[in-house]
Amino acid sequence: MPKLVIVPSDGPSEQLAEVEASVRAGVVTDYLAALRTGSILDRFAAEYLAERIDESTTDGPRLRDELDALRQLAA
């Protein structure tokens with residue numbers, strides 16, 4: 001299965017950071033919605049995307065850790 005790879009761009013790093021933040025926010029939003037509705041499939045999909053994002057970015061906070069913290073808060 002192909003991996004998600006964040007490809008460096010020639011554009012400003014601020015623009016790339018905004019795109020990455022938007023993707024991460026989308027995964028968090030989907031995860032919270034899955035927790036709220038009780039959809040296990042949607043939760044697993046968000047967790048899967050978080051793992052792929054974490055594999056592709058070696059620096060910065062791990063998205064999976066953020067999702068785990070949200071799950072604990074929701075419990």
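All values below were derived from every heavy atom in this structure, side-chain atoms included, with hydrogens, water molecules and symmetry-related copies excluded. Positions are given from 1 along the sequence. Since the model is a prediction, treat every value here as computed from it, not as a measurement.
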For F44, which fellow cluster members are found when Ile, Leu, Val, Met, Phe, Trp and Tyr are connected by side-chain heavy-atom distances below 4.5 angstrom, either directly or through intermediates?
-> I40
When rounded to the nearest 0.5 angstrom, what distance separates CD in E51 from OG in S56?
-> 11.0 Å
Look at the side chain of D30 and the backbone N and O of A46, then say whether any donor-acceptor pair between them is shorter than 3.5 Å.
-> no
Taking only residues two or more places apart in sequence or in another chain, which ones pass side-chain hydrogen bond (donor to acceptor under 3.5 Å, both in side chains) with E18?
-> none
Mind listing the closest non-hydrogen atom pair of I53 and R24 along with its distance?
-> CG2-NH1, 4.1 Å
Write down the atom of Y31, the atom of L67, and the distance for their closest heavy-atom approach.
-> CE2-O, 3.4 Å
Heavy-atom distance under 4.5 Å between the side chains of V28 and L63, does that happen here?
-> yes
Gap between atom CG of D68 and atom CG of L73 - 0.5 Å precision | 11.0 Å
If every non-hydrogen atom of R43 is compared with every non-hydrogen atom of L35, which pair is closest and at what distance?
-> CD-CD2, 3.8 Å
Non-hydrogen atoms of P61 and D54 that approach each other most closely | O-OD1, 4.5 Å
Quick one: side-chain hydrogen bond (donor to acceptor under 3.5 Å, both in side chains) partners of R62, sequence neighbours excluded?
-> none
From CD (E47) to CZ (R71), nearest 0.5 Å = 6.5 Å
